[in-house]
Amino acid sequence: MDQLRAIRIFVRVIDEGSFAGAARSLDLAPAVVTRLVAELEEHLGSRLLNRTTRRLALTDIGESYLERARRILAELDEAEALVSSATAEPRGHLRVLLPPAVAVHQLAKHLSRFHERHPLVTLELHSPGPVDTVDEAYDITIVTSKHPLDGDFVARRLARTEVIMCASPEYLDKRGRPQHPRDLAHHDALLPPMSDLQRGISLTRVSDGEVINLAPHKPVLSASHIDTNYSAALHGLGIAGLPSFLAEDALMEQALERVLPEWQLYHFTIWAALPTRKYMPARTRAFLDFLLEIFGGEDRDPWLAAAGCETSLVRERFSAD
């Protein structure tokens with residue numbers, strides 16, 4: 001038995017949540033994955049996983065073994081990086097966890113450029129939903145947060161993105177363009193369910209710092225998938241609260257128009273985070289550098305700047321929220 005290979009497969013089974021998922025991600029037959037995990041258990045003389053028809057569960061000893069196995073694999077990756085980082089071209093497999101909207105509207109359109117530079121690096125992107133914490137099962141986690149990150153990991157700021165109100169010109173021509181936040185009560189809203197915006201909103205005027213608090217307004221559409229709100233806004237259903245990185249192209253093409261541009265809603269920061277390691281694999285370093293290049297790495301909103309409607313940061317009180 002190749003013990004190291006079996007350990008890697010065992011960890012991948014846990015990360016994917018099933019033998020079949022691990023087999024697909026590793027391009028192996030499911031029977032091979034099952035056999036190698038069984039051989040590992042036989043070699044150790046202990047069961048690591050409890051198997052049922054519906055799910056897998058770690059045994060107590062399996063949980064302890066998994067923690068040590070991750071450390072061993074991390075040390076091996078660090079040792080490999082130490083030897084190869086100075087001379088070797090970035091190569092190997094990179095696992096990245098990130099929000100779906102960031103993957104679709106920003107990262108995907110730049111990946112061909114990364115592949116041209118680093119053809120020996122393969123990417124595995126996971127976008128199950130919003131990401132606000134770091135997952136050590138991935139080489140890099142792209143996190144969105146309204147607050148500074150805190151934890152045992154390395155984090156690099158990629159950019160700041162502002163949540164803005166916008167609607168199609170056709171909708172605004174028909175319903176009128178709000179001149180003051182209170183005018184929003186007479187408009188149709190498109191919001192994610194259970195979000196800050198659903199519980200009422202606070203708007204700050206850039207020029208003088210005046211704050212307007214608005215009571216909750218039942219939206220005409222409530223969708224957990226932000227691209228649904230985006231598409232509905234494009235087709236004239238109402239005013240949507242969207243992050244600038246998602247609305248950028250539509251703003252530049254004038255398919256969407258920013259509403260109340262002199263008032264700020266809120267912003268959050270996009271981070272690239274990775275486990276704390278002394279030696280970073282060359283492929284991870286290459287991808288991190290690429291992310292900083294395409295996002296800018298600054299505490300500003302590059303997408304509103306590109307669309308010609310950048311908002312200045314409002315006073316210390318707002319920027320500290």
Side-chain angles (χ1 to χ4, degrees), residues 1-19 21-28 32-33 36-37 39-41 43-44 46-49 56-98 114 118 120-128 131-143 145 149-158 271-292:
M1 178 191 68
D2 184 339
Q3 187 175 359
L4 179 58
R5 185 186 185 205
I7 291 173
R8 289 191 182 276
I9 288 175
F10 165 67
V11 172
R12 185 62 65 90
V13 167
I14 300 304
D15 291 340
E16 298 294 335
S18 68
F19 287 93
R24 285 192 299 270
S25 69
L26 295 168
D27 195 23
L28 294 173
V32 173
V33 172
L36 285 172
V37 173
E39 289 179 357
L40 179 62
E41 290 179 319
H43 171 75
L44 296 170
S46 182
R47 181 176 291 276
L48 302 174
L49 293 165
L56 297 175
L58 286 164
T59 62
D60 290 343
I61 192 64
E63 290 185 1
S64 299
Y65 187 79
L66 175 65
E67 181 181 351
R68 295 293 182 91
R70 288 196 191 280
R71 292 179 187 172
I72 291 169
L73 295 178
E75 291 288 344
L76 287 171
D77 288 342
E78 289 174 13
E80 178 182 329
L82 175 63
V83 173
S84 64
S85 60
T87 58
E89 182 179 357
R91 67 177 64 225
H93 195 63
L94 195 68
R95 303 182 77 233
V96 182
L97 176 67
L98 73 167
F114 179 79
H118 308 291
L120 300 180
V121 177
T122 57
L123 292 173
E124 180 182 337
L125 304 183
H126 288 252
S127 301
V131 181
D132 54 12
T133 59
V134 178
D135 190 331
E136 292 191 356
Y138 295 87
D139 299 293
I140 293 181
T141 303
I142 297 180
V143 180
S145 176
L149 297 186
D150 183 25
D152 186 20
F153 49 82
V154 175
R156 295 290 303 274
R157 176 191 290 110
L158 297 180
W271 303 87
L274 53 156
T276 302
R277 292 175 183 163
K278 186 175 181 180
Y279 301 107
M280 185 185 301
R283 59 182 177 272
T284 304
R285 168 58 65 187
F287 193 69
L288 179 60
D289 289 344
F290 184 73
L291 291 175
L292 290 168

Under the salt bridge (Lys or Arg N to Asp or Glu O under 4.0 Å) test, residues paired with Arg8 that sit two or more places apart
Asp77
Indicate the atoms forming the closest heavy-atom contact of Leu56 with Ser18, along with that distance.
CD1-CA, 3.8 Å
Between Glu41 (side chain) and Leu49 (backbone), is there a donor-acceptor pair under 3.5 Å?
yes
Using the side-chain hydrogen bond (donor to acceptor under 3.5 Å, both in side chains) criterion, which residues pair with Arg12? Sequence neighbours excluded.
Ser25
With a 4.5 Å cut-off on side-chain heavy atoms, are Arg70 and Asp15 touching?
yes
Does the side-chain contact (heavy atoms from CB on, under 4.5 Å) test come out yes or no for Leu40 and Tyr65, once each step is laid out?
CA-CA 11 Å; Leu40 179 62; Tyr65 187 79; 3.7 Å; yes
Before you tell me yes or no, could you show the steps for Glu16 and Arg95 under salt bridge (Lys or Arg N to Asp or Glu O under 4.0 Å), namely the whole-Å CA-CA distance, both residues' side-chain angles and the distance that decides it to 0.1 Å?
CA-CA 12 Å; Glu16 298 294 335; Arg95 303 182 77 233; 3.3 Å; yes
Working to the nearest 0.5 angstrom, can you tell me the gap between Arg283 CZ and Thr122 OG1?
8.5 Å
Taking every heavy atom of Glu124 against every heavy atom of His93, the minimum-distance pair comes out as OE1-NE2, 2.5 Å
Counterpart residues, salt bridge (Lys or Arg N to Asp or Glu O under 4.0 Å), relative to Arg156 (two or more places apart):
none
Decide yes or no for Leu292 and Leu158: does some side-chain heavy atom of the first lie under 4.5 Å from some side-chain heavy atom of the second?
yes
N/O donor-acceptor pair under 3.5 Å between Arg47 side chain and Thr59 backbone:
no
Where is the tightest heavy-atom contact between Gly62 and Phe10, given as atom of each residue plus distance?
O-CZ, 4.2 Å
For Arg71, side-chain contact (heavy atoms from CB on, under 4.5 Å) partners two or more places apart
Glu67, Arg68
With the side chain counted from C-beta on, respond yes when Leu48 and Val37 share a heavy-atom pair under 4.5 Å apart, and no when they do not.
no
Shortest non-hydrogen contact between Pro90 and Ala286, atoms and distance:
CG-CB, 4.0 Å
Heavy-atom nearest pair, Ala273 first then Phe153, reads CB-CD1, 4.1 Å
Once you round to the nearest 0.5 Å, how far does CD of Gln3 lie from CG of Leu44?
6.5 Å
Are Leu76 and Leu4 packed together at the side-chain level, in the sense that at least one heavy-atom pair is separated by less than 4.5 angstrom?
yes
Given side chains that start at C-beta, do those of Leu66 and Val11 come closer than 4.5 Å, heavy atoms only?
yes
Rounded to the nearest 0.5 Å, how far does CG of Asp139 lie from CG of Leu94?
4.5 Å
Check: Pro128 and Leu97 side chains under 4.5 Å, non-hydrogen atoms:
yes
Between Leu291 and Ala272, what is the shortest heavy-atom contact and its length?
CD1-CB, 4.1 Å
Minimum side-chain heavy-atom gap Thr284-Ile140 below 4.5 Å
yes
Partner set under salt bridge (Lys or Arg N to Asp or Glu O under 4.0 Å) for Glu63, not counting sequence neighbours:
none
d(Leu73 CG, Ile7 CD1) to nearest 0.5 Å is 6.5 Å
Using side-chain hydrogen bond (donor to acceptor under 3.5 Å, both in side chains) as the criterion, list what pairs up with His43, not counting sequence neighbours.
none
Under 3.5 Å, is there a donor-acceptor pair between the side chain of Asp132 and the main chain of Ser145?
no
Would you call the rings of Phe114 and Phe287 parallel, tilted or perpendicular if under 30° counts as parallel and over 60° as perpendicular?
perpendicular
Enter the distance from Leu274:CG to Ile142:CD1 here, rounded to the nearest 0.5 Å.
11.0 Å
Is Leu26 close to Val32 at the side-chain level, that is, under 4.5 Å between some pair of heavy atoms?
no
